Amino acid sequence: MRISVIGCGYLGAVHAAALATLGHDVVGVDVDPVKLAALRRGEAPFFEPGLPELLVEAGATGRLTFTDDISAVRGARVHFITVGTPQLKGSNAADLRYVDAAFDQLLPQLSAGDVVVGKSTVPVGTAARLAAKVADGGSGAVLAWNPEFLREGFAVKDSLTPDRLVFGLPPRPEAASTAETALREVYAAALADDTPLVLTDYATAELVKVSANAFLATKISFINAMAEIAETTGADVTQLADAIGFDGRIGRRFLGAGVGFGGGCLPKDIRGFMARAEELGRGESVAFLKEVDAINLRRRAKVVDHVVDLLDHEPYGKTVAVLGLAFKPHSDDVRDSPALDVAVRLTGLGARVRATDPEAIANARALHPQLDYRASFEEAVAGADVMVLVTEWDQYRYLDPDAVAPLVAARNVVDGRNSYDPARWRAAGWTYRGLGRP
Ligand SMILES: NC(=O)c1ccc[n+]([C@@H]2O[C@H](COP(=O)([O-])OP(=O)(O)OC[C@H]3O[C@@H](n4cnc5c(N)ncnc54)[C@H](O)[C@@H]3O)[C@@H](O)[C@H]2O)c1
């Protein structure tokens, strides 16, 4: 099938390449010339494991092209909208300007029978509004909403073999049938593999995505709230998580207490959900998300507090090694990254922060050029008064405390991800601070 993908960022580039590998003929459209130049060379414009190989594989088929010319989408039967929906400045709400612009550019290119498929995460009610726009355009195209659940770091696998598919279909049966038929063809490979498919209306499809992220954020903040209680009582939140995680109804995943969540999705999605619920007069239904957000941000402050404490409350001029800048390992994404936030806060307190990350330094520098970035772990920790682990890349997680000891000025470690065995680090002479553990 000929398919267009409008917006080639973390979601769209992977989606386009995955669809081409699965046998479709795909044109990716973006407005960013740097990104397009990389994609045209068959190179990933950001770090995502497996994406370079996927782009080479898809490129070799001759079925994947990239352009800034929206008219190139003509002739495609399905048009995916995968542009960003960041948080609006000065508000909790989602900024829909890119989605609206993409629709405005796409509408004149559409023909009867075309299916426009929204994939961006949007506030509930957006699809119905955009469907009216598509109908007003008079092309005879229809709109479906197909939320995306890929995880950065696992985006290739998640795109090729999703754990579920949700098709939000239009209310008119004929239009719904057109959209469903086209989407079944797009995802024929996944559906043949018995991937669960949920057919819904627009509102449900939009809500599935934000409620999934709200649930995950809540689970993380729940265990981080328990970490706060553990800190006051001397309990160990990691043991608590293990013990409650054995209950199948609870489960151990996403119960890792630490510096909390970040990234281009969870924080802005829960805030956007709160803003939309307020608009709908149902703010109270998701008022708990305000606490989820607040607990999450308090954990960043707690990591900073631990560092300041280990520096005898005199951080000015002290050297602090910050390990990690990406919001999570296996990604170079620093959007709303707890790690970068910790580095910025410590710099603000006058500490000489040396921040490092295997993949995210360029993105971090673009946002915060004032920070001191070090390309290697060794350069970052050299002469450090405190070492802080904030993004649990394997190369930081599995450090040998005896091997690191001679590199630093003082054996102080703050484990923002509860990744280390405190007994082992203490035995090697380190003062260890984790989150929610003695
Ligand atoms: N990143 C993820 O892990 C992920 C997962 C699920 C859902 N989502 C959702 O997917 C959407 C995209 O997220 P992302 O992380 O890929 O964002 P991103 O910022 O990485 O990518 C968005 C891309 O859209 C392009 N763009 C903007 N306006 C355009 C236009 N008019 N025409 C063509 N291209 C345009 C930008 O240049 C950019 O390359 C968001 O709504 C996000 O919430 C993201």
Side-chain angles (χ1 to χ4, degrees), residues 49 149 151-154 158 163 212-267 269-270 289 291-307 322-331 333-342 357-358 360 387-399 413-425 432-438:
F149 304 101
R151 299 159 300 165
E152 283 174 31
F154 305 92
D158 290 347
D163 56 6
N213 277 355
F215 189 87
L216 294 172
T218 303
K219 202 169 175 191
I220 297 169
S221 278
F222 172 82
I223 201 65
N224 281 334
M226 296 308 104
E228 291 184 333
I229 302 290
E231 279 156 10
T232 310
T233 53
D236 185 332
V237 75
T238 56
Q239 288 187 312
L240 181 152
D242 288 344
I244 65 172
F246 285 121
D247 184 332
R249 295 169 301 176
I250 295 174
R252 181 64 173 81
R253 295 185 72 193
F254 268 61
L255 284 185
V259 70
F261 58 82
C265 290
L266 254 53
D269 286 350
I270 62 167
L289 291 176
E291 287 309 315
V292 167
D293 201 9
I295 293 164
N296 192 53
L297 296 177
R298 282 206 296 271
R299 293 287 82 189
R300 300 176 184 188
K302 181 69 186 178
V303 168
V304 172
D305 286 350
H306 273 321
V307 175
V322 172
L323 305 184
L325 291 160
F327 84 99
K328 67 170 181 179
H330 315 295
S331 175
D333 196 345
V334 297
R335 290 178 287 184
D336 213 334
S337 165
L340 190 50
D341 194 9
V342 164
D357 189 286
M387 184 178 91
V388 193
L389 170 72
V390 261
T391 311
E392 69 277 40
W393 288 95
D394 284 350
Q395 49 267 62
Y396 308 146
R397 253 180 109 144
Y398 299 114
L399 287 172
V413 61
V414 177
D415 180 2
R417 296 289 179 179
N418 287 344
S419 290
Y420 299 141
D421 172 2
R424 186 168 168 228
W425 283 73
Y432 172 93
R433 296 283 178 86
L435 291 175
R437 57 204 317 207

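Since the model is a prediction, treat every value here as computed from it, not as a measurement. All heavy atoms count here, side chains included; hydrogens, waters and symmetry mates do not.
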Point to revise | Test item: Lys302 side-chain N/O and Gly436 main-chain N/O as donor-acceptor pair under 3.5 Å | key: no
Point to revise | Phe254 CZ to Ser221 OG distance, which is reported to the nearest 0.5 Å | key: 11.5 Å
Review point. If only atom types and distance count, is the side chain of Arg417 paired as donor or acceptor with the main-chain N or O of Gly260 below 3.5 Å?
Key: yes
Check your understanding: Under a 4.5 Å cut-off applied to non-hydrogen side-chain atoms, are Leu216 and Asn213 in contact?
Key -> yes
Check your understanding: Is any side-chain heavy atom of Leu399 less than 4.5 Å from a side-chain heavy atom of Leu323?
Key -> yes
Exercise for review: Would you check if His306 and Val303 make a side-chain contact, meaning some heavy-atom pair closer than 4.5 Å?
Suggested key: no
Revision key, fill the gap. Closest non-hydrogen contact found for Ala235 with Pro438 is O-CD, 3.6 Å
Practice item. Report yes or no: does Lys328 contribute a side-chain atom to a donor-acceptor pair with the main-chain N or O of Phe261 at less than 3.5 Å? Key: no
Review point. Which pair of non-hydrogen atoms, one from Thr391 and one from Tyr396, has the smallest distance, and what is that distance?
Key: O-CD1, 3.4 Å
Point to revise | Asp163 and Asp158, any side-chain heavy atoms less than 4.5 Å apart | key: no
Check your understanding: Side-chain contact, heavy-atom cut-off 4.5 Å: Asn296 with Leu266?
Key -> no
Review point. How would you list, by chain and number, every residue that makes a side-chain hydrogen bond (donor to acceptor under 3.5 Å, both in side chains) with Asp336, sequence neighbours excluded?
Key: Arg271, Arg300
**Study point:** Minimal non-hydrogen separation, Asp242 against Arg252, with atom names
**Key:** OD1-NE, 2.7 Å
Study note, to complete from the structure: CZ (Arg433) and CD (Glu231) are apart, to the nearest 0.5 Å, by 10.5 Å
Check your understanding: Which atom names give the shortest non-hydrogen contact between Tyr420 and Arg397, and what distance separates them?
Key -> CE2-O, 3.3 Å
**Study point:** Over all atoms of both residues, closest heavy-atom pair of Ala257 and Val237
**Key:** CB-CG1, 3.5 Å
Exercise for review: Kindly give the heavy-atom pair with the smallest separation between Ser337 and Leu325, and that separation in Å.
Suggested key: OG-O, 2.6 Å
Review point. How would you list, by chain and number, every residue that makes a side chain to side chain contact (heavy atoms under 4.5 Å, CB included) with Leu240, sequence neighbours excluded?
Key: Ile223, Met226, Ile244
Review point. Counting only heavy atoms not in Phe222, do more than 12 sit closer than 6.0 Å to its CZ atom?
Key: no
**Study point:** Sidechain-backbone polar pair: Asp415 side chain, Leu435 backbone, donor-acceptor under 3.5 Å
**Key:** no
Exercise for review: Side-chain contact test, heavy atoms from C-beta onward, threshold under 4.5 Å: evaluate it for Glu228 versus Arg299 and give yes or no.
Suggested key: yes
Review point. Quick one: does Asp357's side chain have a donor or acceptor within less than 3.5 Å of a partner on Ala326's backbone?
Key: yes
